[in-house]
Protein chains: 2
Amino acid sequence: MDKTAEELPRALQLMWGIEGPARPGPKPTLHISDIGAAGVRLADAAGLGAVSMAKVAAEVGFTTMSLYRYVDSKDELYTVMIDEAFGVPEPIAPELDWRAGITRWAMLVREAIHRHPWILQVPLFEPPLSPKQLEWMETGLRVLDGTPLSAGEKLSSMVLVNIYVRGAAQLTAEMFARPDRTREENDQLYGRRLMMLATPDRFPMIAATVAAGIERADSGDDPDDFKFGLTAVLDGIQALIDRTSHT
Amino acid sequence: MDKTAEELPRALQLMWGIEGPARPGPKPTLHISDIGAAGVRLADAAGLGAVSMAKVAAEVGFTTMSLYRYVDSKDELYTVMIDEAFGVPEPIAPELDWRAGITRWAMLVREAIHRHPWILQVPLFEPPLSPKQLEWMETGLRVLDGTPLSAGEKLSSMVLVNIYVRGAAQLTAEMFARPDRTREENDQLYGRRLMMLATPDRFPMIAATVAAGIERADSGDDPDDFKFGLTAVLDGIQALIDRTSHT
DNA sequence: GCACACTGTGTGCGCCGTACGCAGACCATA
DNA sequence: TATGGTCTGCGTACGGCGCACACAGTGTGC
């Protein structure tokens, strides 16, 4: 058993299927992904706030404390849930050029987040190390393989796209989290409040924006809006590529 | 008193200084910003986890429940804290062109976040409506005033920059949150773990990136890395501007 | 001078994450 | 096949959390 492996949190060891030498004693009943799936089910149904050790344990039919045989803390449970929620990334046709490829990748990330909006609420304290998270990274990097970018630049570009997708989705996730109001009602309410508070004398730019009827763009995530920002991000990467190939 | 104003959460009314008709009874002792400042002090010192209604109340010398005379819920306390943490935005020299101006704005946002990294951990359920948040928005929009972009496009561009700054900062905030390990140790540990888990056969792109010694770029937020991404984002906006002026 | 809405407080509830110790099940080894 | 050691799953318990609610006292507007 590798020394570095021992430092790994329990959940990561289980997710990667790392095992020490054969040991006596009972085998674990559950698979770590059972726990992740249970957490995902709860979060999908009632939001991240509905995920507690006790509820997840009940969902898998175990007692609260038994979860700690698989997961060292609630933060690790979150890690497992995120891995489960993203799932195995759909492969991206390799014949696509980088721009079409990373656009497809961005759309897939976006869809995953929209399926499980609570992902954006999970507080993160560690960089990603779980298997499927790394597969998503790998997939994203691969579509940039044909570009003249350096390895570091590819990584930064992928991270940039990822940042954008998450950030853009967050603007709509806020809206999702209201069971009592529809998204339209939320938008209208926000617009009304902005008009009341952002008076033209103190906030001329905001007032003009609201007056232009574009407050929708602030809170909205219309595919067009999403594409708008993504286009800008990709144009930026394109500029980097151009600079790279010219030198 | 405006009907729309009544819908406003208590904390927002206090922050905006909205008052109903003169009322009998004692005047509130505290100002809402006292509470925000106390929360900011706690979060700066020991992270967002150290912020509880009881601790904040003790910090201002009141009982737990008295806070609820100023704030309807803990989420509203967060709103007040964020408003307090960002503070009044420093004005941006109007003679700067849009690119220099928004770069300055991005740097200011970045500095505010680095001063109070817990900002990125605050779960958001509402779009921004607090006074200083709107002032930051106004400041960001103003530097785009000279561009040929429409009001909606200006808003989207500012939001895009904001998304980027937050996202880029988040990659380093994870590192900040470890009192026991330095950032270098964290990076090295992450690199070692990546090398162990992301084997070249299953994760050739990641492995190549790590081998290129650029894993630093993934977890790091060196000013250069930050500038790299920002450049890409601004190039994207530039492309939009070019497209707009040509038509 | 009075009524009453308001502020600040105390109590208490249900839930949370998780430390700790125990009983029994199971497997590697002899 | 016997057995020792170790692991799994469980029960209990603790401190802390957000916050609902009722109450006493205060000070203003009428």
Side-chain angles (χ1 to χ4, degrees), chain A residues 1 6 9-11 13-14 18-32 34-35 38-39 42-43 46-81 118 121-123 125 177, chain B residues 1 6 9-11 13-14 18-32 34-35 38-39 42-43 46-81 118 121-123 125 177:
Chain A
M1 191 152 176
E6 297 209 20
R10 200 192 300 234
Q13 293 196 30
L14 291 174
I18 297 174
E19 295 174 28
R23 302 163 309 177
K27 300 276 186 232
T29 311
L30 295 170
H31 192 275
I32 183 77
D34 298 332
I35 294 174
L42 291 172
L48 198 64
V51 175
S52 71
M53 299 301 274
K55 301 244 194 69
V56 172
E59 180 80 11
V60 295
F62 277 63
T63 59
T64 305
M65 291 314 291
S66 56
L67 286 197
Y68 285 94
R69 296 288 174 202
Y70 299 85
V71 147
D72 283 329
S73 69
K74 195 180 181 187
D75 280 334
E76 283 190 25
L77 170 63
Y78 284 148
T79 303
V80 180
M81 285 173 59
W118 48 265
Q121 318 250 24
V122 175
F125 298 98
Chain B
M1 193 151 178
E6 297 209 20
R10 199 193 300 235
Q13 293 196 31
L14 292 174
I18 298 174
E19 294 174 32
R23 301 163 311 177
K27 299 279 186 228
T29 310
L30 294 170
H31 192 275
I32 183 76
D34 298 333
I35 294 173
L42 291 172
L48 197 63
V51 175
S52 71
M53 300 301 276
K55 302 246 193 70
V56 173
E59 180 80 13
V60 295
F62 276 63
T63 59
T64 306
M65 292 314 291
S66 57
L67 286 198
Y68 286 94
R69 295 288 173 205
Y70 300 85
V71 147
D72 283 329
S73 68
K74 196 181 180 186
D75 280 334
E76 282 190 26
L77 170 63
Y78 285 149
T79 302
V80 181
M81 284 173 58
W118 47 266
Q121 317 251 26
V122 176
F125 297 98

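Below, chains carry the letters A, B, ... as their sequence lines are ordered, and counting in each starts from 1.
Distance B/L77 CG to D/dC17 P: 13 Å, rounded to the nearest Å. Atom CG in B/D75 sits about 14 Å away from atom C1' in D/dC17, given to the nearest Å. For the pair A/L67 CG and C/dA19 P, the computed distance is 14 Å after rounding to whole Å. Distance A/E19 CD to D/dT8 P: 11 Å, rounded to the nearest Å. Straight-line distance from the CD1 atom of B/I32 to the P atom of C/dG8: 12 Å, rounded to whole Å. For the pair B/Y70 OH and C/dT7 C1', the computed distance is 7 Å after rounding to whole Å. Whole-Å rounding puts the A/K27 NZ to D/dT8 P distance at 9 Å. Between A/K74 atom NZ and C/dT18 atom C1' there is a gap of 12 Å when expressed in whole angstrom units.
In terms of modelled atom types and a separation under 3.5 Å, the side chain of A/Y70 and the main chain of A/L30 share a donor-acceptor contact. Distance alone, capped at 3.5 Å, places no donor-acceptor pair between the B/E59 side chain and the B/A38 backbone.
The shortest side-chain heavy-atom distance between B/Q121 and B/Y78 does not fall under the 4.5 Å cut-off.
A close approach under 4.0 Å does occur between a side-chain nitrogen or oxygen of B/K55 and OP1 or OP2 of D/dC17. A sub-4.0 Å separation between OP1 or OP2 of C/dT9 and a side-chain N or O of B/Y68 is absent. Contact annotation: B/S66 side-chain N/O to C/dT9 OP1/OP2 distance is under 4.0 Å.
Considering CG of B/L67 and CZ of B/R69, their distance stands at 11.5 Å, rounded to 0.5 Å.
Base engagement by A/M65 is indicated by at least one non-hydrogen atom pair under 4.0 Å involving a base atom. Among the atoms of the strands shown, only primed sugar atoms or phosphate atoms (P, OP1, OP2) are found under 4.0 Å from some heavy atom of B/T29. Using a 4.0 Å heavy-atom distance criterion, B/P28 is classed as a sugar-phosphate-only contact.
Closest-nucleotide positions on DNA chain C for A/Y78 and A/P26 were compared, and the one nearer the 5' end corresponds to A/Y78. Nearer the 5' end of DNA chain D, as judged by each residue's closest nucleotide, is the contact made by A/R69, out of A/R69 and B/R69.
Minimum heavy-atom separation, B/V71 to B/L77: CG1-N, 3.7 Å.
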